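Remember, predicted model here, so these are calculated numbers, not experimental data.
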Amino acid sequence: MGKLSKRNILWIVPIGIIGIFWYFYGPQKDITENEYITYVKNYSVEDSSQSIEKAFASSCENPYWVYFETQKGQDVVEFEGECPINNKNEKINVQFLVDRDMTNVRHGAMLVDSVLQEEADRDEFIVALTK
């Protein structure tokens with residue numbers, strides 16, 4: 001093997017930098033089991049004695065729970081599944097925001113077929129689901 005020329009080094013260094021960025025910032029595996037997901041699944045909404053997990057499981061198909069942290073450090077648990085809306089099964093994404101101490105769960109964004117819903121519609125859907 002011969003000496004490394006400047007030309008070879010100019011190719012190796014950028015490829016190495018891209019590899020490092022890919023390793024740290026590339027696609028990550030979904031986190032589907034942790035304490036935040038368990039907390040949200042067992043959480044009861046307002047006056048309901050039914051947990052969020054049971055409410056979604058009884059009405060929705062193909063449930064998928066995933067955890068992620070936003071760039072601002074907010075812990076988010078997201079439910080994905082197919083739920084009945086207006087007598088039709090729609091693809092639903094509902095986010096739940098959890099505080100660091102796991103003492104409170106707030107409702108985040110809700111998407112129906114990738115369309116962002118109003119807060120009132122989201123709250124109405126979740127309350128109807130948990131009754």
Give a yes or no on whether [X] and [Y] share a hydrophobic cluster (residues Ile, Leu, Val, Met, Phe, Trp, Tyr; joining criterion: side-chain heavy atoms under 4.5 Å apart).
X: Phe24; Y: Ile15; value: no
X: Met102; Y: Ile37; value: yes
X: Val40; Y: Ile31; value: yes
X: Val13; Y: Leu10; value: no
X: Ile20; Y: Ile17; value: yes

Rounded distance [0.5 Å steps], OH in Tyr67 versus CG in Asn34: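 Between atom OH of Tyr67 and atom CG of Asn34 there are 6.5 Å.
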How many angstroms lie between atom CD1 of Ile52 and atom NE2 of His107, to the nearest 0.5 angstrom? 7.0 Å
Other cluster members, Trp22 - Ile/Leu/Val/Met/Phe/Trp/Tyr, side-chain contacts below 4.5 Å: none
For residues 110-126, please give each side-chain donor-acceptor pair under 3.5 Å, one per line with the distance, not counting sequence neighbours.
unit_1	atom_1	unit_2	atom_2	d
Asp113	OD1	Lys91	N	3.3
Gln117	NE2	Val115	O	2.9
Arg122	NH1	Gly108	O	2.6

Going by side-chain hydrogen bond (donor to acceptor under 3.5 Å, both in side chains), name the residues that satisfy it together with Thr103, two or more places apart in sequence or in a different chain.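 Partners of Thr103 by the side-chain hydrogen bond (donor to acceptor under 3.5 Å, both in side chains) criterion, ordered by chain and then number, come out as Asp99.
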I'd like to know if the side chain of Ser59 and the backbone of Phe56 have a donor-acceptor N/O pair within less than 3.5 Å. no
Which residue pairs pass the disulfide (SG to SG under 2.5 Å) test with at least one member in residues 100-131, sequence neighbours excluded? none
Between Tyr39 and Phe96, is any pair of side-chain heavy atoms under 4.5 Å apart? no
Sub-4.5 Å side-chain heavy-atom contact between Tyr43 and Val98: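 Contact flag for Tyr43/Val98 side chains = no.
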Return all side-chain donor-acceptor pairs below 3.5 angstrom for residues 78-88, not counting sequence neighbours, or 'none' if the list is empty.
unit_1	atom_1	unit_2	atom_2	d
Glu78	OE2	Gln95	NE2	3.0

Please list all pairs passing the salt bridge (charged side-chain N to carboxylate O under 4.0 Å, His left out) test where one or both residues lie in residues 48-76, with sequence neighbours left out. Lys41-Glu53, Glu69-Arg100, Asp75-Arg100
